[in-house]
Amino acid sequence: MAPERWLFWHRRDLRLADNRGLAAAAAATPAVTGVFVLDPAILSDPSMAPARLWFLSESLRELQQAWQQAGSTLVVLRGDPAELLPRLAAGLGAAVVAWNRDVEPFGRERDRRVARALQADGRKVLADWDQLLVAPEALKTGAGDPYRVYGPYWRSWRRWVEEASATGTAASGGLDPLPPPSALIDLDPAQLAGALADLPLTNPELKHGFLEHGFGGAELCPCRPGEKAAQEQLAAFCDGDSRSISLLGYEPGRNIPGEAGTSGLSAALKFGTLSPRQAWAAAQQARPLARSEEERYSIQVWEQELAWREFYQQALFYFPELAEGPYRPQWRAFPWDNDSGWFEAWREGLTGMPIIDAAMRQLNESGWMHNRCRMIVASFLVKDLICDWRWGEAAFMARLVDGDLAANNGGWQWSASSGMDPKPLRIFNPATQAGKFDPEGTYIRTWLPELRHVATRDLISGEIAPLERRGYPAPLVNHKVQQARFKALYATIKG
DNA sequence: CCATATTTAAT
DNA sequence: TTAAATATG
């Protein structure tokens, strides 16, 4: 008798190794078929970035080959998962459909619909956590509430991760990365063809992969698609050979946008070509390489970035209203200027403030922006241009290769001072930020080649003589004037 | 053991 | 300013 067939539904876990849901399926039966559904509701949304379509398409193409090498098939469909998954499961004769859980309101509602449809057909559903080191339910404050403040969350998160690490294996609740499944069993070709006959199947085309993405910045983007590239990037970042621009030099290297001092793994973690447990394990293996207190501290700072990612995901899980706008009610009445001309100048990198324009051009050309610059341009849009941060949030989502609702919304709410974090106003002075983090003007000159001739001091301050500008715009606003205006408007909503 | 007041600390 | 931890009744 043939073994029971399971269907595994990939979503934001585009890898075979250390995929908890897939491993659970493979532990139950070797007869596992994979599926990914290209959902027009997501792909055609205005917030979908060409860079993400590129990353998704390339990662899927590699994942489909990996399934084949593991002995089975990854089916790629296009349409509504709630309609297609029951049909595919029926065609395959799958008894169980498994997937990894998500935190986003849209995904959770979709998953409920899919589960209801499958269960109505008498199929079992298996869904558990994979995309976080620590499941949202695992950490609560002393009062039993979800954490709203990063500091206490980080301490609690680290304690939990260290205790779970000590137990080792996944079976005993540990965090050791799992190997990929191998020796899977496929349906025989005729049976598979029959199961797929009436389904909207998508095959990778020779040139573009699964999707027409129209993204031209792949060469400039630091994020590499696919499971294999993610492993290589992680290993290179953690290896200790290039200490100043890697994990061991992460602090302060991570804050210098003109150097490649960050891991570039944001998109890999967003799409799950890399698991957070793999990232955590690599950081632990690098600890013996650290030869100074600074290098040990660098590892911890990177671990804290993994914790920020999980903090914002658990926040969205427990407070889905974050996705709709300001968490703090008084911010909902803020009298934004919302000048659409200023907003467009910001979005296209034409504000006349070099550090802002360099950062926005990096985003527009490469699909990625250095995190320090994300904070600087966010503060500028909100506190200098006095524009609703949700416009900036949407603009980031429309272009970022790693655009993720929880992280992007969390970052913008942090910058706008409207989030759960109880700290008062944060106003960055863009010139001070440029002076601290791009002191030689390296980053500015990289992305604003038309200003390469300008003295570094003027690139940082933004005070460029009209004859030196050569077509580069004059500053749109004056920081001193605008921050005073912002504070006056803020006073009207306080309390 | 609760509920409430006070203290502490926040990338 | 306010969440979280801790002290107090």
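First the proteins, then the strands, lettered A, B, ... as listed; each starts at 1.
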A:Arg287/A:Glu303 salt bridge by N-O under 4.0 Å criterion: yes
Distance, rounded to the nearest Å, where A:Gln300 contributes CD and B:dT11 contributes C1': 12 Å
Flag side-chain contact, heavy atom, 4.5 Å: A:Tyr443 against A:Cys373: yes
Selection from C:dA3, B:dA10, B:dT11 that lies nearest to any side-chain heavy atom of A:Arg155: B:dA10
At a cut-off of 3.5 Å, list every protein nitrogen or oxygen paired with a nitrogen or oxygen from nucleotides 5-9 of chain C, distance to 0.1 Å.
unit_1: C:dA5; atom_1: OP2; unit_2: A:Gly142; atom_2: N; d: 3.1

NZ or CZ of A:Arg426 within 45° of A:Trp414 ring axis and under 6.0 Å: yes
Nearest-Å distance for atom pair CD/P, residues A:Gln304 and B:dA10: 11 Å
Pairs meeting criterion salt bridge (charged side-chain N to carboxylate O under 4.0 Å, His left out) with involvement of residues 266-285 of chain A, two or more places apart: A:Asp18-A:Arg277, A:Asp130-A:Arg277, A:Lys270-A:Asp404
Value in whole Å for how far the C1' atom of B:dT11 lies from CE of A:Met375: 9 Å
Rounded distance (Å) that lies between atom P of C:dT1 and atom CD of A:Gln330: 10 Å
Between C1' of C:dT2 and CZ of A:Phe319, the distance in whole Å: 14 Å
Side-chain (A:Thr141) to main-chain (A:Tyr147) donor-acceptor, under 3.5 angstrom: no
Sugar-phosphate, base or nothing in reach of A:Glu251, heavy atoms under 4.0 Å: nothing
Geometric cation-pi criterion, A:Arg12 with A:Phe271: 6.0 Å, 45°: no
Sugar-phosphate only, base, or nothing, as touched by A:Trp154 at under 4.0 Å among non-hydrogen atoms: nothing
Integer-rounded Å distance: C:dA3 P and A:Tyr153 OH: 18 Å
Ionic contact status for A:Glu393 with A:Arg399, cut-off 4.0 Å: no
Sugar-phosphate only, base, or nothing, as touched by A:Arg372 at under 4.0 Å among non-hydrogen atoms: nothing
Between B:dT11 (P) and A:Arg374 (CZ): distance, integer Å: 20 Å
Integer-rounded Å distance: C:dT1 C1' and A:Arg148 CZ: 14 Å
